[in-house]
Number of protein chains: 2
Amino acid sequence: MIPEAVPAHAPLELEHFLPYRLSILSNTVSQGIAAEYVERFQLSMTEWRVMTILARFPEVSAREVVERTAMDKVAVSRAVARLVEAGRVDRGTHDGDKRRSVLKLSDAGWAIHDEVAPLARAHERELLAKLDEAERVQLDRILDKLLA
Amino acid sequence: MIPEAVPAHAPLELEHFLPYRLSILSNTVSQGIAAEYVERFQLSMTEWRVMTILARFPEVSAREVVERTAMDKVAVSRAVARLVEAGRVDRGTHDGDKRRSVLKLSDAGWAIHDEVAPLARAHERELLAKLDEAERVQLDRILDKLLA
DNA sequence: CCGTTATAGTTTCACCTGTAACCATTTGCA
DNA sequence: TGCAAATGGTTACAGGTGAAACTATAACGG
(Lines give C-alpha, C1' and ligand atoms only; values in the text may rest on other atoms or scores of the structure.)
Protein backbone atom coordinates (compact mmCIF):
# COMPACT_ATOMS: atom_id res chain seq x y z
CA MET A 1 0.00 0.00 0.00
CA ILE A 2 1.50 3.25 -1.11
CA PRO A 3 0.55 5.98 1.39
CA GLU A 4 -1.78 8.53 -0.14
CA ALA A 5 -1.01 12.21 -0.31
CA VAL A 6 -3.40 14.73 1.25
CA PRO A 7 -6.97 13.52 0.57
CA ALA A 8 -7.59 16.45 -1.75
CA HIS A 9 -10.94 17.68 -0.33
CA ALA A 10 -12.44 17.93 -3.82
CA PRO A 11 -13.60 21.55 -3.75
CA LEU A 12 -16.48 22.60 -5.95
CA GLU A 13 -15.42 24.46 -9.03
CA LEU A 14 -17.92 27.27 -8.87
CA GLU A 15 -17.23 28.49 -12.37
CA HIS A 16 -18.58 25.20 -13.70
CA PHE A 17 -21.21 24.62 -11.06
CA LEU A 18 -24.63 25.01 -12.63
CA PRO A 19 -26.58 26.38 -9.65
CA TYR A 20 -23.93 28.99 -9.12
CA ARG A 21 -23.85 30.07 -12.75
CA LEU A 22 -27.61 30.31 -12.85
CA SER A 23 -27.59 32.46 -9.78
CA ILE A 24 -25.04 34.88 -11.18
CA LEU A 25 -26.83 35.13 -14.49
CA SER A 26 -30.24 35.58 -12.97
CA ASN A 27 -29.10 38.25 -10.55
CA THR A 28 -27.23 40.17 -13.19
CA VAL A 29 -30.16 40.16 -15.57
CA SER A 30 -32.87 40.97 -13.03
CA GLN A 31 -30.89 43.74 -11.45
CA GLY A 32 -30.11 45.18 -14.85
CA ILE A 33 -33.78 45.49 -15.59
CA ALA A 34 -34.74 46.64 -12.12
CA ALA A 35 -32.19 49.43 -12.34
CA GLU A 36 -34.39 50.98 -15.00
CA TYR A 37 -37.56 51.29 -12.93
CA VAL A 38 -36.68 51.11 -9.25
CA GLU A 39 -35.41 54.66 -9.04
CA ARG A 40 -37.48 56.14 -11.81
CA PHE A 41 -40.84 54.92 -10.54
CA GLN A 42 -40.06 54.11 -6.91
CA LEU A 43 -41.13 50.61 -7.79
CA SER A 44 -39.64 47.50 -6.20
CA MET A 45 -38.99 44.33 -8.14
CA THR A 46 -41.74 42.47 -6.31
CA GLU A 47 -44.19 45.28 -6.99
CA TRP A 48 -43.31 45.19 -10.66
CA ARG A 49 -43.84 41.45 -10.78
CA VAL A 50 -47.26 41.82 -9.24
CA MET A 51 -48.09 44.48 -11.80
CA THR A 52 -47.15 42.23 -14.69
CA ILE A 53 -49.51 39.58 -13.39
CA LEU A 54 -52.34 42.08 -13.00
CA ALA A 55 -51.67 43.34 -16.50
CA ARG A 56 -52.01 39.90 -17.91
CA PHE A 57 -54.77 38.55 -15.70
CA PRO A 58 -57.03 41.36 -14.57
CA GLU A 59 -59.30 40.89 -11.58
CA VAL A 60 -57.29 38.22 -9.85
CA SER A 61 -56.99 37.68 -6.12
CA ALA A 62 -53.73 37.97 -4.17
CA ARG A 63 -53.69 34.22 -3.89
CA GLU A 64 -53.69 33.81 -7.65
CA VAL A 65 -50.79 36.23 -7.87
CA VAL A 66 -48.91 34.06 -5.42
CA GLU A 67 -49.60 30.95 -7.47
CA ARG A 68 -48.57 32.53 -10.72
CA THR A 69 -45.36 34.13 -9.50
CA ALA A 70 -43.98 31.58 -7.05
CA MET A 71 -43.50 34.57 -4.77
CA ASP A 72 -44.05 34.40 -1.05
CA LYS A 73 -47.57 35.26 0.05
CA VAL A 74 -46.30 37.81 2.54
CA ALA A 75 -44.23 39.50 -0.13
CA VAL A 76 -47.27 39.73 -2.35
CA SER A 77 -49.44 41.07 0.46
CA ARG A 78 -46.95 43.84 1.13
CA ALA A 79 -46.34 44.65 -2.51
CA VAL A 80 -50.08 44.94 -3.09
CA ALA A 81 -50.47 47.14 -0.02
CA ARG A 82 -47.83 49.53 -1.35
CA LEU A 83 -49.29 49.52 -4.84
CA VAL A 84 -52.76 50.30 -3.49
CA GLU A 85 -51.31 52.99 -1.24
CA ALA A 86 -49.58 54.54 -4.25
CA GLY A 87 -52.80 54.46 -6.28
CA ARG A 88 -51.41 52.03 -8.82
CA VAL A 89 -53.72 49.16 -8.02
CA ASP A 90 -57.39 49.10 -7.11
CA ARG A 91 -58.39 46.55 -4.53
CA GLY A 92 -61.95 45.34 -4.18
CA THR A 93 -63.62 42.46 -2.41
CA HIS A 94 -64.87 39.35 -4.11
CA ASP A 95 -68.64 39.00 -4.28
CA GLY A 96 -69.59 35.98 -2.30
CA ASP A 97 -66.25 35.52 -0.54
CA LYS A 98 -65.27 38.43 1.65
CA ARG A 99 -61.81 36.99 2.32
CA ARG A 100 -60.75 37.24 -1.28
CA SER A 101 -59.45 40.45 -2.79
CA VAL A 102 -60.01 41.48 -6.38
CA LEU A 103 -57.04 43.33 -7.79
CA LYS A 104 -56.54 45.33 -10.93
CA LEU A 105 -54.27 48.02 -12.26
CA SER A 106 -55.54 51.58 -12.02
CA ASP A 107 -55.00 54.00 -14.89
CA ALA A 108 -51.83 55.17 -13.15
CA GLY A 109 -50.75 51.54 -12.84
CA TRP A 110 -51.33 50.92 -16.52
CA ALA A 111 -49.38 54.03 -17.42
CA ILE A 112 -46.36 52.73 -15.53
CA HIS A 113 -46.79 49.28 -16.96
CA ASP A 114 -46.82 50.62 -20.47
CA GLU A 115 -43.55 52.41 -19.88
CA VAL A 116 -41.71 49.64 -18.08
CA ALA A 117 -42.79 46.65 -20.15
CA PRO A 118 -40.93 47.80 -23.28
CA LEU A 119 -37.78 48.40 -21.24
CA ALA A 120 -37.98 44.89 -19.84
CA ARG A 121 -38.49 43.45 -23.29
CA ALA A 122 -35.56 45.43 -24.64
CA HIS A 123 -33.33 43.93 -21.96
CA GLU A 124 -34.48 40.47 -22.84
CA ARG A 125 -33.77 41.08 -26.53
CA GLU A 126 -30.33 42.39 -25.67
CA LEU A 127 -29.61 39.26 -23.69
CA LEU A 128 -30.91 36.95 -26.39
CA ALA A 129 -28.86 38.77 -28.99
CA LYS A 130 -25.85 36.95 -27.60
CA LEU A 131 -27.30 33.71 -28.93
CA ASP A 132 -28.06 32.53 -32.42
CA GLU A 133 -31.50 31.31 -33.35
CA ALA A 134 -30.71 27.63 -32.76
CA GLU A 135 -29.39 28.37 -29.30
CA ARG A 136 -32.46 30.39 -28.42
CA VAL A 137 -34.66 27.45 -29.27
CA GLN A 138 -32.42 25.10 -27.31
CA LEU A 139 -32.48 27.36 -24.27
CA ASP A 140 -36.22 27.52 -24.36
CA ARG A 141 -36.53 23.75 -24.45
CA ILE A 142 -33.94 23.29 -21.74
CA LEU A 143 -35.62 25.74 -19.40
CA ASP A 144 -38.94 24.02 -20.00
CA LYS A 145 -37.42 20.77 -18.88
CA LEU A 146 -35.56 22.17 -15.90
CA LEU A 147 -38.58 24.07 -14.67
CA ALA A 148 -40.95 21.14 -15.06
CA MET B 1 -60.71 55.70 -39.77
CA ILE B 2 -62.22 52.82 -37.89
CA PRO B 3 -62.07 53.59 -34.17
CA GLU B 4 -59.71 51.24 -32.41
CA ALA B 5 -60.74 48.97 -29.61
CA VAL B 6 -58.87 49.13 -26.29
CA PRO B 7 -55.20 49.85 -27.05
CA ALA B 8 -54.16 46.38 -25.86
CA HIS B 9 -51.37 47.39 -23.44
CA ALA B 10 -49.22 44.43 -24.55
CA PRO B 11 -48.60 42.82 -21.17
CA LEU B 12 -45.48 40.75 -20.64
CA GLU B 13 -46.07 37.04 -20.65
CA LEU B 14 -44.03 36.08 -17.64
CA GLU B 15 -44.11 32.38 -18.37
CA HIS B 16 -42.13 33.03 -21.56
CA PHE B 17 -40.05 35.90 -20.27
CA LEU B 18 -36.45 34.77 -19.98
CA PRO B 19 -35.33 36.88 -17.00
CA TYR B 20 -38.32 35.71 -15.04
CA ARG B 21 -37.80 32.05 -15.86
CA LEU B 22 -34.14 32.27 -14.94
CA SER B 23 -35.06 33.83 -11.64
CA ILE B 24 -37.54 31.11 -10.74
CA LEU B 25 -35.15 28.36 -11.73
CA SER B 26 -32.20 29.86 -9.91
CA ASN B 27 -34.15 30.43 -6.71
CA THR B 28 -35.64 26.97 -6.74
CA VAL B 29 -32.30 25.31 -7.24
CA SER B 30 -30.32 27.40 -4.76
CA GLN B 31 -32.95 27.08 -2.07
CA GLY B 32 -33.16 23.36 -2.66
CA ILE B 33 -29.47 23.01 -1.95
CA ALA B 34 -29.47 25.50 0.91
CA ALA B 35 -32.24 23.55 2.61
CA GLU B 36 -29.69 20.79 3.14
CA TYR B 37 -27.12 22.80 5.06
CA VAL B 38 -28.77 25.90 6.51
CA GLU B 39 -30.46 24.12 9.37
CA ARG B 40 -28.00 21.29 9.73
CA PHE B 41 -24.88 23.44 10.01
CA GLN B 42 -26.34 26.82 10.93
CA LEU B 43 -24.73 28.01 7.73
CA SER B 44 -26.19 30.75 5.54
CA MET B 45 -26.06 30.65 1.76
CA THR B 46 -23.57 33.51 1.62
CA GLU B 47 -21.35 31.84 4.19
CA TRP B 48 -21.39 28.63 2.17
CA ARG B 49 -20.42 30.52 -0.95
CA VAL B 50 -17.50 32.10 0.79
CA MET B 51 -16.43 28.69 2.02
CA THR B 52 -16.47 27.26 -1.49
CA ILE B 53 -14.16 30.02 -2.64
CA LEU B 54 -11.79 29.46 0.25
CA ALA B 55 -11.80 25.74 -0.48
CA ARG B 56 -10.78 26.34 -4.02
CA PHE B 57 -8.46 29.30 -3.56
CA PRO B 58 -6.81 29.13 -0.14
CA GLU B 59 -5.23 32.21 1.34
CA VAL B 60 -7.28 34.79 -0.52
CA SER B 61 -8.34 38.20 0.75
CA ALA B 62 -11.94 39.26 1.26
CA ARG B 63 -11.65 41.40 -1.81
CA GLU B 64 -10.78 38.41 -3.96
CA VAL B 65 -13.80 36.60 -2.59
CA VAL B 66 -15.93 39.54 -3.66
CA GLU B 67 -14.47 39.49 -7.15
CA ARG B 68 -14.93 35.77 -7.58
CA THR B 69 -18.48 35.56 -6.29
CA ALA B 70 -20.05 38.76 -7.57
CA MET B 71 -21.37 39.12 -4.03
CA ASP B 72 -21.63 42.44 -2.27
CA LYS B 73 -18.57 43.41 -0.27
CA VAL B 74 -20.65 44.07 2.81
CA ALA B 75 -22.23 40.64 2.55
CA VAL B 76 -18.82 39.05 2.31
CA SER B 77 -17.50 41.04 5.25
CA ARG B 78 -20.34 39.86 7.43
CA ALA B 79 -20.21 36.27 6.24
CA VAL B 80 -16.48 36.14 6.96
CA ALA B 81 -17.03 37.67 10.39
CA ARG B 82 -19.55 34.96 11.26
CA LEU B 83 -17.35 32.21 9.88
CA VAL B 84 -14.38 33.43 11.90
CA GLU B 85 -16.58 33.76 14.97
CA ALA B 86 -17.75 30.18 14.50
CA GLY B 87 -14.19 28.94 14.12
CA ARG B 88 -14.71 27.81 10.56
CA VAL B 89 -12.34 30.27 8.95
CA ASP B 90 -8.97 31.57 10.11
CA ARG B 91 -8.29 35.20 9.37
CA GLY B 92 -4.77 36.55 9.22
CA THR B 93 -3.23 39.76 7.95
CA HIS B 94 -1.30 40.02 4.73
CA ASP B 95 2.44 40.52 5.15
CA GLY B 96 3.31 43.86 3.69
CA ASP B 97 -0.25 45.17 3.46
CA LYS B 98 -2.00 45.41 6.78
CA ARG B 99 -5.30 46.30 5.18
CA ARG B 100 -5.63 42.98 3.47
CA SER B 101 -6.95 39.91 5.24
CA VAL B 102 -5.75 36.42 4.49
CA LEU B 103 -8.54 33.88 4.78
CA LYS B 104 -8.54 30.12 4.86
CA LEU B 105 -10.73 27.32 6.08
CA SER B 106 -9.93 25.89 9.50
CA ASP B 107 -10.09 22.15 10.09
CA ALA B 108 -13.67 22.61 11.27
CA GLY B 109 -14.39 24.57 8.10
CA TRP B 110 -12.93 21.84 5.93
CA ALA B 111 -14.96 19.23 7.75
CA ILE B 112 -18.16 21.07 6.93
CA HIS B 113 -17.05 21.70 3.39
CA ASP B 114 -16.38 18.01 2.86
CA GLU B 115 -19.87 17.16 4.00
CA VAL B 116 -21.76 19.83 2.11
CA ALA B 117 -19.91 19.74 -1.21
CA PRO B 118 -21.16 16.24 -2.11
CA LEU B 119 -24.72 17.27 -1.28
CA ALA B 120 -24.42 20.25 -3.59
CA ARG B 121 -22.99 18.09 -6.34
CA ALA B 122 -25.78 15.57 -5.89
CA HIS B 123 -28.34 18.33 -6.38
CA GLU B 124 -26.62 19.46 -9.53
CA ARG B 125 -26.61 15.92 -10.88
CA GLU B 126 -30.28 15.56 -10.08
CA LEU B 127 -31.03 18.74 -11.96
CA LEU B 128 -28.93 17.76 -14.95
CA ALA B 129 -30.58 14.36 -15.04
CA LYS B 130 -33.58 16.09 -16.57
CA LEU B 131 -31.51 16.77 -19.68
CA ASP B 132 -29.92 14.46 -22.16
CA GLU B 133 -26.24 14.68 -22.95
CA ALA B 134 -26.69 16.94 -25.98
CA GLU B 135 -28.76 19.37 -23.97
CA ARG B 136 -26.21 19.48 -21.19
CA VAL B 137 -23.55 20.49 -23.68
CA GLN B 138 -25.86 23.08 -25.21
CA LEU B 139 -26.72 24.56 -21.84
CA ASP B 140 -23.07 24.87 -20.97
CA ARG B 141 -22.30 26.71 -24.17
CA ILE B 142 -25.32 28.95 -23.82
CA LEU B 143 -24.46 29.92 -20.27
CA ASP B 144 -20.91 30.67 -21.33
CA LYS B 145 -22.23 33.08 -23.91
CA LEU B 146 -24.82 34.71 -21.68
CA LEU B 147 -22.37 35.18 -18.85
CA ALA B 148 -19.64 36.59 -21.06
C1' DC C 1 9.08 63.71 2.34
C1' DC C 2 4.15 65.16 2.81
C1' DG C 3 -0.45 65.73 1.50
C1' DT C 4 -3.89 63.88 -1.62
C1' DT C 5 -6.09 60.00 -3.45
C1' DA C 6 -7.15 55.10 -3.62
C1' DT C 7 -8.02 50.70 -1.46
C1' DA C 8 -9.50 46.91 2.13
C1' DG C 9 -12.65 46.27 5.18
C1' DT C 10 -16.30 47.54 8.79
C1' DT C 11 -20.26 49.98 10.62
C1' DT C 12 -24.65 52.35 10.22
C1' DC C 13 -29.06 52.95 8.45
C1' DA C 14 -33.12 52.13 6.13
C1' DC C 15 -35.40 48.68 3.90
C1' DC C 16 -36.71 43.90 2.30
C1' DT C 17 -37.45 39.20 3.36
C1' DG C 18 -39.40 34.77 5.24
C1' DT C 19 -41.48 32.24 9.30
C1' DA C 20 -44.77 31.98 12.48
C1' DA C 21 -48.59 33.67 14.73
C1' DC C 22 -52.77 35.80 13.99
C1' DC C 23 -57.75 37.42 12.40
C1' DA C 24 -61.78 36.92 9.61
C1' DT C 25 -64.43 34.22 6.75
C1' DT C 26 -65.82 30.05 4.60
C1' DT C 27 -66.10 25.02 4.09
C1' DG C 28 -66.97 20.42 5.47
C1' DC C 29 -69.09 17.08 7.94
C1' DA C 30 -71.15 15.05 12.18
C1' DT D 1 -77.41 23.41 12.17
C1' DG D 2 -73.01 24.06 14.61
C1' DC D 3 -68.27 23.57 15.30
C1' DA D 4 -63.63 22.09 13.80
C1' DA D 5 -60.60 22.59 10.03
C1' DA D 6 -59.19 25.10 5.97
C1' DT D 7 -58.36 29.34 3.45
C1' DG D 8 -57.25 34.40 2.20
C1' DG D 9 -54.81 37.76 3.89
C1' DT D 10 -52.20 40.71 7.41
C1' DT D 11 -49.11 41.59 11.31
C1' DA D 12 -44.95 40.89 14.29
C1' DC D 13 -40.52 39.53 14.68
C1' DA D 14 -35.99 38.25 13.71
C1' DG D 15 -32.79 38.31 10.52
C1' DG D 16 -30.49 39.53 5.90
C1' DT D 17 -29.23 43.18 2.33
C1' DG D 18 -27.14 47.16 -0.22
C1' DA D 19 -25.84 52.17 -0.25
C1' DA D 20 -23.28 55.40 1.95
C1' DA D 21 -20.31 56.94 5.45
C1' DC D 22 -16.31 55.78 8.05
C1' DT D 23 -11.44 53.88 9.62
C1' DA D 24 -7.01 52.34 8.69
C1' DT D 25 -3.45 51.60 5.62
C1' DA D 26 -1.02 52.06 1.27
C1' DA D 27 0.16 54.33 -3.21
C1' DC D 28 1.03 58.30 -5.82
C1' DG D 29 2.61 62.94 -7.33
C1' DG D 30 4.72 67.13 -6.60
Side-chain angles (χ1 to χ4, degrees), chain A residues 23-24 26-28 30-35 37-39 41-50 53-54 57 59-86 89-103, chain B residues 23-24 26-28 30-32 34-35 37-39 41-50 53-54 57 59-86 89-104:
Chain A
S23 168
I24 298 284
S26 169
N27 287 344
T28 308
S30 286
Q31 281 171 24
I33 301 177
Y37 58 73
V38 168
E39 187 121 355
F41 298 100
Q42 318 277 52
L43 190 67
S44 78
M45 212 162 84
T46 45
E47 288 169 64
W48 168 243
R49 282 207 181 156
V50 170
I53 297 294
L54 300 187
F57 308 98
E59 313 264 323
V60 298
S61 67
R63 194 182 133 277
E64 282 177 78
V65 174
V66 169
E67 283 172 3
R68 292 188 181 280
T69 53
M71 285 167 53
D72 187 80
K73 100 196 224 188
V74 178
V76 169
S77 170
R78 281 189 278 237
V80 168
R82 281 191 300 265
L83 288 167
V84 170
E85 170 71 22
V89 165
D90 295 330
R91 170 162 46 187
T93 303
H94 185 93
D95 306 345
D97 186 344
K98 291 178 201 156
R99 291 170 309 178
R100 245 175 267 185
S101 56
V102 178
L103 306 169
Chain B
S23 168
I24 298 285
S26 170
N27 288 344
T28 307
S30 287
Q31 281 171 24
Y37 58 74
V38 167
E39 185 122 355
F41 299 99
Q42 317 276 53
L43 189 67
S44 78
M45 212 161 84
T46 44
E47 288 169 63
W48 169 243
R49 284 211 179 151
V50 171
I53 297 294
L54 299 188
F57 308 99
E59 313 266 324
V60 297
S61 67
R63 193 181 134 278
E64 282 177 78
V65 174
V66 168
E67 283 172 1
R68 290 186 183 281
T69 53
M71 284 167 56
D72 187 79
K73 98 196 222 188
V74 179
V76 170
S77 170
R78 281 188 279 237
V80 168
R82 280 191 300 265
L83 288 168
V84 170
E85 170 70 22
V89 165
D90 295 330
R91 170 164 44 189
T93 302
H94 185 94
D95 305 347
D97 187 345
K98 292 179 202 157
R99 293 171 306 177
R100 246 176 266 184
S101 56
V102 178
L103 306 170
K104 60 180 170 185

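In this text, all values refer to a predicted model and were calculated from it rather than measured experimentally. Reckoned from all heavy atoms, side chains included, excluding hydrogens, waters and symmetry mates.
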Mark yes or no for whether A/T28, through its side chain, and A/I24, through its backbone, hold a donor-acceptor pair below 3.5 Å. yes
Separation of [N] [atom2] from [X] [atom1] (nearest whole Å):
| X | N | atom1 | atom2 | answer |
| --- | --- | --- | --- | --- |
| B/K98 | C/dA6 | NZ | C1' | 18 Å |
| A/D72 | D/dG8 | CG | P | 15 Å |
| B/Q42 | D/dG16 | CD | C1' | 16 Å |
| A/M45 | C/dG18 | CE | P | 11 Å |
| B/K73 | C/dT11 | NZ | C1' | 12 Å |
| A/L43 | C/dC15 | CG | P | 16 Å |
| B/M71 | C/dT10 | CE | P | 13 Å |
| A/D95 | C/dT26 | CG | P | 12 Å |

Residue whose nearest DNA chain D nucleotide is more 5′ - A/E64 or A/Q31: A/E64
5' precedence on DNA chain D between B/R100 and B/R78 (nearest-nucleotide basis): B/R78
Check the phosphate of [N] against [X], side-chain N and O only, distance under 4.0 Å to OP1 or OP2. Yes or no?
| X | N | result |
| --- | --- | --- |
| A/T46 | C/dT17 | yes |
| B/S77 | C/dG9 | no |
| B/R63 | D/dA26 | no |
| B/R99 | C/dG9 | no |

4.5 Å side-chain heavy-atom contact, [X] and [Y]:
| X | Y | answer |
| --- | --- | --- |
| B/V50 | B/T69 | no |
| B/E64 | B/F57 | no |
| B/R82 | B/T46 | yes |

Please report the interatomic distance CE(B/M71) to CZ(B/R49), rounded to the nearest 0.5 Å. 7.0 Å
May I ask you to say what B/S44 touches in the nucleic acid, namely base, sugar-phosphate or nothing, with a heavy-atom cut-off under 4.0 Å? nothing
NA contact type, A/D97, heavy-atom cut-off 4.0 Å: base, sugar-phosphate, or nothing? sugar-phosphate
Quick check for you: among C/dA20, D/dA19, C/dG9, whose closest atom lies nearest to any side-chain atom of B/S101? C/dG9
Tell me which nucleotide among D/dG18, D/dA12, C/dG9 gets nearest to the side chain of A/V74. D/dA12
